[in-house]
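Contents: one structure, followed by commentary.
Below, chains carry the letters A, B, ... as their sequence lines are ordered, and counting in each starts from 1.
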Amino acid sequence: MQGQSNFMKAFIISQLDQVVSQLKSEGLLPEEFQPRIQIDNTKDKAHGDLASNLALMAAKQAGMKPRDLAEKLVALLQADAAFMQKVSKMEIAGPGFINFFLSTSALTSVIKEVLAQESTFGQSNQGQGEKVQVEFVSANPTGPLHVGHGRGAAVGDCLCRLLEATGWKVTREFYYNDAGAQINNLALSVQARAKGLTPEDPSWPEDGYRGDYIQDVATAYMAGETVTADDRQVKGAADAEDLEAIRYFAVASLRREQDLDLKAFGVDFDVFFLESSLYQEGKVEEAVQALIENGFTYEEGGALWLKTTEFGDDKDRVMRKTDGGYTYFVPDVAYHLNKWQRGFKKVINEQGADHHSTITRVRAGLQGLKVDIPEGWPDYVLHQMVTVMRSGEEVKISKRAGSYVTLRDLIDEVGCDATRYFLAARAATSQLTFDIDLARSQTNDNPVYYIQYAHARLCSVARQAEEKGYSWSLETTDLEQLQSEQEQALLNQLARFPEVVSIAARELEPHQIAQYLRDLAAAMHSWYNACQFLVEDEALRSARLALAAATRQVLNNGLHLLGVSAPESM
RNA sequence: GCGCCUAUAGCUCAACCGGAUAGAGCAACGGCCUUCUAAGCCGUAGGUUGCAGGUUCGAGUCCUGCUGGGCGCGCCA
């Protein structure tokens with residue numbers, strides 16, 4: 001699938017396509033030759049603005065040397081007067097690249113596009129209004145969100161924003177594992193605290209949760225406080241013997257706390273899906289029955305097994321334990337069947353790589369249901385582990401959670417913007433080192449402020465232009481004034497944006513947006529230092545204010561995709 | 001032992017379905033504020049892309065085999 005490209009790329013591709021057809025009719029190229037014509041951004045401005053490797057790809061089939069074929073292609077393009085209005089010069093370079101030098105009018109046309117499309121510049125319709133469900137975070141309601149959940153939240157939310165920007169109809173979903181052994185464990189831990197035990201006591205539950213937050217929950221429960229979670233209100237029963245009441249209260253308390261953390265992080269969900277609802281509605285049992293009826297199960301050692309090996313797993317897995325309970329992936333299968341039945345042909349699960357072994361099991365279960373779910377469904381985006389560093393040393397604990405660093409710690413300490421940026425700026429496949437000192441620093445070390453500062457500077461220029469009565473309108477502005485090296489570099493960066501958004505969405509890689517924004521901000525800062533905007537020469541001034549307005553808009557659009565604010569002053 | 005991820009400058013990381021001389025930031029060194037925000041800019045230095053083969057006109061990118069690191073391999077989730 002070809003990504004949405006900037007219009008000059010699309011234009012050159014279509015012209016080259018015509019030229020290829022021409023060469024076919026001349027018999028120079030075989031009829032069956034169907035190149036994927038590729039136009040690249042150049043790394044070196046000596047190579048022009050855009051470049052094509054078509055001659056290199058087609059040389060063999062044409063039976064010509066690449067450079068000779070390139071000559072031929074260039075000659076045909078040069079014959080087209082309309083084409084040569086947009087391309088001021090072509091050069092053949094290296095082994096046979098064709099370098100395109102764009103005319104100023106072609107370069108500056110992006111300004112008109114940006115100012116006309118405003119906040120929609122960069123958007124496309126790749127998704128064609130199709131539904132996509134993105135499940136992310138999905139933390140167990142047994143403790144505060146940790147930094148790994150934070151990475152999931154940042155990456156998942158940016159993915160959603162990218163998909164929305166490219167024409168998908170997105171449902172953000174959070175799956176609560178509110179049934180199962182870990183919840184029982186939570187209830188026992190709170191109960192122990194309610195009875196005044198501490199983790200040091202010999203009678204403290206085995207594998208109990210030891211963090212301070214358990215004490216907070218127990219105290220609130222015993223005080224009869226009322227907790228309001230997203231879908232329920234629970235009053236503490238103040239009875240240390242009522243484990244059921246404790247369980248209910250504890251889950252509500254932790255859900256509420258997670259909700260507050262997510263809100264502070266600027267992440268909203270459309271659906272909170274409860275694992276317990278699958279049991280209540282008999283969906284887990286239905287899925288199990290279907291798997292049994294389809295012959296993918298067997299009993300052994302008092303347990304029920306799923307033949308996951310028939311779907312690529314290295315060993316079969318227990319579905320129903322000897323104690324009668326289901327293993328965790330069984331409700332997961334029921335849940336994903338539910339997603340499918342809700343009509344999501346595309347589903348993306350963003351989760352930590354430490355859970356990657358579930359993928360094979362869930363997909364195997366879905367195949368075993370035999371309801372025509374495609375083999376590779378659903379998609380997964382796995383993020384690797386996060387290490388938090390402070391003063392050159394790894395930070396492993398938080399006061400509240402005990403054994404891990406919480407998302408709340410980071411938001412409180414470095415702020416929402418910087419936390420989101422740092423957690424989304426690296427490829428999900430890479431382990432991430434979160435440097436608190438760097439994220440906190442309000443200096444040029446910090447890419448968040450670097451990008452935001454670029455935006456704030458342009459806002460400031462616009463304010464001052466207004467104060468001085470320097471009005472301008474696009475219709476009467478002569479964009480040919482933008483001749484400096486920095487201006488042309490910036491124009492090329494602006495033109496890249498729709499394509500970057502498109503590729504980032506297609507590859508499910510939000511970090512590409514962060515990377516791009518840094519490049520764009522760098523181009524803007526270089527320009528800012530090289531050129532004065534509020535000059536006497538009205539023609540030049542207006543052109544620069546137009547470019548400044550367009551750049552500000554694209555910075556804003558890009559920051560929005562990351563969920564990072566775009567301040568008007570700093 | 002098996003599976004997934006990963007290895008790029010001293011450090012943290014990029015590199016657009018294989019493209020030209022592998023790029024940024026930090027750290028180091030040298031410059032730029034009477035002028036729109038110096039949270040900025042310009043320059044210098046820094047590399048056998050873990051190792052060895054292979055495919056290709058062309059490989060950090062694809063294939064094979066090694067080596068190191070992370071995660072997983074439970075009738076936990």
Side-chain angles (χ1 to χ4, degrees), chain A residues 1-3 5 36 38 40-44 46-47 51 53 56-57 59-60 65-66 93-97 99 140 142 177 180-183 185 207 301-305 313-315 317-323 325-329 332 352-360 382-385 387 389 425-433 435 438 441-450 452-454 456-465 468 496 499-500 502-504 506-507 509 511-512 514-516 518-519 522 524-535 544 548 569-570:
Chain A
M1 180 167 55
Q2 181 86 28
S5 60
R36 187 174 48 80
Q38 197 179 328
D40 292 317
N41 300 301
T42 54
K43 290 175 188 162
D44 185 340
H47 296 150
N53 59 1
L56 291 163
M57 293 197 302
K60 191 173 266 181
K65 291 181 186 165
F97 290 99
N99 294 332
N140 291 339
T142 54
N177 291 97
Q182 80 282 0
I183 296 299
N185 198 8
D207 301 324
L304 181 69
W305 296 71
D313 206 350
D314 56 352
K315 51 181 134 173
R317 306 291 169 176
V318 169
M319 291 173 68
R320 191 171 55 220
K321 301 178 274 184
T322 49
D323 70 4
Y326 291 112
T327 53
Y328 72 93
F329 82 92
D332 254 20
D354 54 342
H355 286 64
H356 78 261
S357 60
T358 68
I359 297 175
T360 314
L382 301 178
H383 63 259
Q384 298 291 323
M385 303 294 99
T387 307
M389 303 289 284
R426 304 293 182 225
T429 51
S430 291
Q431 290 171 48
L432 173 71
T433 303
D435 184 336
L438 179 60
S441 74
Q442 304 209 350
T443 68
N444 56 354
D445 308 2
N446 193 329
V448 187
Y449 292 99
Y450 184 84
Q452 290 181 322
Y453 184 43
R457 273 181 145 180
L458 293 174
C459 290
S460 172
V461 167
R463 278 194 301 271
Q464 289 173 61
K468 294 186 178 182
R496 279 183 61 208
E499 166 183 39
V500 171
S502 170
I503 292 170
R506 188 188 69 206
E507 304 294 324
E509 292 186 341
H511 76 277
Q512 293 200 23
Q515 201 67 29
Y516 167 79
R518 213 193 180 288
D519 292 344
M524 144 52 206
H525 284 305
S526 290
W527 176 48
Y528 186 96
N529 272 72
C531 299
Q532 189 76 15
F533 302 172
L534 302 177
V535 291
R544 286 183 171 162
S569 64
M570 290 172 76

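- A gap of 43 Å separates the P atoms of B:U64 and B:C41, to the nearest Å.
- Counting only heavy atoms from C-beta outward, the side chains of A:Met524 and A:Leu458 approach each other to under 4.5 Å.
- In this structure, A:Asn177 atom CG and B:A77 atom C1' are separated by 7 Å, rounded to whole Å.
- Counting to the nearest Å, the P atom of B:A24 and the CZ atom of A:Arg518 are 11 Å from each other.
- The two residues A:Thr42 and A:Ala51 have their closest heavy-atom pair at CG2-CB, 3.8 Å.
- Minimum interatomic distance between A:Gln384 and A:Thr429 (heavy atoms only, all atoms of both residues): CG-O, 3.0 Å.
- Stacking between A:Phe97 and the base of B:A20 is present: ring centres sit under 5.5 Å apart and the planes differ by under 30 degrees.
- Distance A:Asn53 CG to B:A20 P: 10 Å, rounded to the nearest Å.
- Heavy atoms of A:Gly96 sit nowhere under 4.0 angstrom from any nucleic acid atom.
- Under the Watson-Crick or G-U wobble criterion, with both distances below 3.5 Å, B:C13 is paired with B:G23.
- Across B:U8 and B:U61, the matching P atoms stand 14 Å from one another, rounded to whole Å.
- Counting any heavy atom pair closer than 4.0 Å across all strands shown, A:Ala454 reaches no nucleic acid atom.
- B:U56 is unpaired under the criterion used here, namely a Watson-Crick or G-U wobble arrangement in which both key atom distances are under 3.5 Å.
- Where A:Asp519 and A:Arg317 meet RNA chain B, the nucleotide closest to each residue was compared, and A:Asp519 sits on the side nearer the 5' end.
- Residue A:Asn41 is classed as a base contact, given a heavy-atom separation below 4.0 Å to a base.
- Distance, A:His47 NE2 to B:U21 P: 8 Å, rounded to whole Å.
- When heavy atoms are screened at a 4.0 angstrom cut-off, A:Asn99 is found touching base atoms of the nucleic acid.
- When the nearest nucleotides of RNA chain B are assigned to A:Tyr326 and A:Leu432 by heavy-atom distance, the more 5′-ward of the two goes with A:Leu432.
- Comparing the same atom, P, in B:C66 and in B:C2 gives a spacing of 9 Å after rounding to whole Å.
- Between the side chain of A:Ser526 and the base of B:C41 there is no donor-acceptor pair of N/O atoms closer than 3.5 Å.
- Between the P atom of B:G19 and the CG atom of A:Asp44 lies a distance of 16 Å, rounded to the nearest Å.
- As the counterpart of B:G1, B:C73 is assigned, both hydrogen-bonding distances of the Watson-Crick or G-U wobble pattern falling under 3.5 Å.
- A donor N or O paired with an acceptor N or O is found under 3.5 Å between the base of B:A77 and the side-chain atoms of A:Tyr328.
- Using a 4.0 Å heavy-atom cutoff across all strands shown, A:Thr142 reaches no nucleic acid atom at all.
- Base pairing annotation: B:C41 forms a Watson-Crick or G-U wobble pair with B:G31, both donor-acceptor distances under 3.5 Å.
- The distance from atom OH of A:Tyr516 to atom P of B:G25 is 17 Å, rounded to the nearest whole Å.
- In this structure the side chain of A:Glu499 reaches within 4.5 angstrom of the side chain of A:Asn41, judged on heavy atoms.
- Taking syn as a glycosidic angle within 90° of 0, B:C66 does not qualify and is anti.
- In terms of the ring-ring contact (aromatic ring centres under 6.0 Å, His included) criterion, residue partners of A:His525 (sequence neighbours excluded) are, by chain and number, A:Tyr450, A:Tyr453.
- Base pairing annotation: B:G68 forms a Watson-Crick or G-U wobble pair with B:U6, both donor-acceptor distances under 3.5 Å.
- Here A:Ala462 pairs with nothing under the side chain to side chain contact (heavy atoms under 4.5 Å, CB included) rule; sequence neighbours left out.
- Below the 3.5 angstrom threshold, one finds a donor paired with an acceptor across the side chain of A:His355 and the base of B:A77.
- When the C1' atom is compared between B:C13 and B:G54, the two are found 30 Å apart, to the nearest whole Å.
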